[in-house]
Amino acid sequence: MANVLIVYGSTTGNTSSTATDIAAELRGGGHAVTLLDAADAGADNLCRGYDCVLFGCSTWGDADVELQDDFIPLFEAFDRIGAMGCKTGCFGCGDSSYTHFCGAVDAISQRLEELGSINIAENLKIDGDPGDASDDIAAWAKSVAAAL
Ligand SMILES: Cc1cc2nc3c(=O)[nH]c(=O)nc-3n(C[C@H](O)[C@H](O)[C@H](O)COP(=O)(O)O)c2cc1C
């Protein structure tokens, strides 16, 4: 059994509900999961004590990639989360009609790579309503579980 933290930033609830679905899948596989809203997350040693940390964030902005509001202060302090050597995965909701579809997911995973984390899953990008992507979400959570 692994100890997994899921940190998510969500404005209209889509990435939040995706995080909840991922948590349910992992718990069904016998793993311990903590769900944490980025609005309540402190950066210092965030990853400590967890076997894996999953980061969820929706994308805003238009010409430029903007992370979801609550995630921005955490992202700016990523050098303090203790990512080095931690297993990580990234997911988020967006809209493919925008230039940078789920750009926040790529920005977060790129930063985690720079900080020396161990990426264990392809970035999960949900286009539109996550309720229509439940199979993709479950499959992604299973791929994470297989790498724990
Ligand atoms: C003003 C605005 C800007 C957006 N910009 C982007 C974008 O650049 N890329 C993208 O993939 N989605 C973009 N979206 C879509 C949101 O990311 C999408 O609605 C997402 O599901 C919101 O997730 P949340 O409820 O977890 O915050 C934008 C939406 C709005 C209203």
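Read the numbers this way: they start at 1 and go in the same order the structure lists the ligands and their atoms. Just so it is clear, the model here is predicted, and its values are computed rather than measured.
- Atom CD of Glu114 has more than 12 neighbouring heavy atoms from other residues, nucleotides or ligands inside a 6.0 Å radius.
- The single protein non-hydrogen atom nearest to atom 2 (C) of ligand 1 is Tyr98 OH, 3.4 Å, given as residue, atom name and distance.
- For atom 19 (O) of ligand 1, the nearest non-hydrogen atom of the protein is Asn14 ND2, 4.4 Å.
- Taking only nitrogen or oxygen atoms, main chain and side chain alike, Ser16 does not reach within less than 3.5 Å of ligand 1.
- The side chain to side chain contact (heavy atoms under 4.5 Å, CB included) test with Leu112 singles out one residue from Ile118, Val53, Ile81, and that residue is Ile81.
- Test Ile126, Val105, Thr15, Ile137 against Phe91 for side chain to side chain contact (heavy atoms under 4.5 Å, CB included) and you get one pass: Thr15.
- The ligand atoms of ligand 1 that sit less than 4.0 angstrom from a heavy atom of Ser58 are 22 (C), 23 (O), 24 (P), 26 (O), 27 (O).
- Compare Phe71, Tyr8, Trp60 by their heavy atoms: the one nearest to atom 8 (O) of ligand 1 is in Trp60.
- At a heavy-atom cutoff of 4.0 Å, ligand 1 is contacted by both the backbone and the side chain of Phe101.
- At the shortest separation from atom 25 (O) of ligand 1 among protein heavy atoms lies Thr12 OG1, 2.3 Å.
- Within the 3.5 Å criterion, the main-chain N or O of Ser96 finds a donor-acceptor partner in the side chain of Asp127.
- Residue Gly61 places at least one N or O, backbone or side chain, under 3.5 Å from an N or O of ligand 1.
- Exactly one of Lys125, Arg111, His100 qualifies for a side-chain hydrogen bond (donor to acceptor under 3.5 Å, both in side chains) with Asp106. That residue is Lys125.
- The shortest N or O to N or O distance between Gly128 and ligand 1 is not below 3.5 Å.
- Placement of Tyr98 and Val65 in two distinct hydrophobic clusters is found when ILVMFWY residues are connected by side-chain heavy-atom separations under 4.5 Å, directly or transitively.
- Applying the 4.0 Å criterion to heavy atoms of Gly13 picks out, from ligand 1, the atoms 25 (O).
- Any N or O atom pair closer than 3.5 Å counts here, and Asp62 shares no such pair with ligand 1.
- Dense packing is recorded around CZ of Arg27, with more than 12 heavy atoms of other residues, nucleotides or ligands lying under 6.0 Å away.
- Proximity annotation for atom 16 (C) of ligand 1: of Thr15, Thr59, Asp64, Thr59 comes nearest, heavy atoms only.
- On a distance-only criterion, Ser96 and ligand 1 share no N/O pair closer than 3.5 Å.
- Interface atoms of ligand 1 facing His100, defined by a heavy-atom separation under 4.0 Å, are 7 (C), 8 (O), 9 (N), 10 (C), 11 (O).
- Each of Ile6, Leu5, Val33 was scored for a side chain to side chain contact (heavy atoms under 4.5 Å, CB included) with Tyr50, with one residue passing: Leu5.
- Checking only distances, Asp95 does come within under 3.5 Å of ligand 1, N or O to N or O.
- The protein heavy-atom contact nearest to atom 11 (O) of ligand 1 is Cys102 N, 2.8 Å.
- The residue from Ser17, Pro130, Cys102 that alone fulfils the side chain to side chain contact (heavy atoms under 4.5 Å, CB included) condition with Cys93 is Pro130.
- The backbone N or O of Gly49 sits less than 3.5 Å from a side-chain atom of Asn3, completing a donor-acceptor pair.
- For ligand 1, the atoms sitting less than 4.0 Å from at least one non-hydrogen atom of Ser10 are 24 (P), 25 (O), 26 (O), 27 (O), numbered in the order shown with element in parentheses.
- At least one donor-acceptor pair closer than 3.5 Å links the side chain of Trp140 to the backbone N or O of Glu122.
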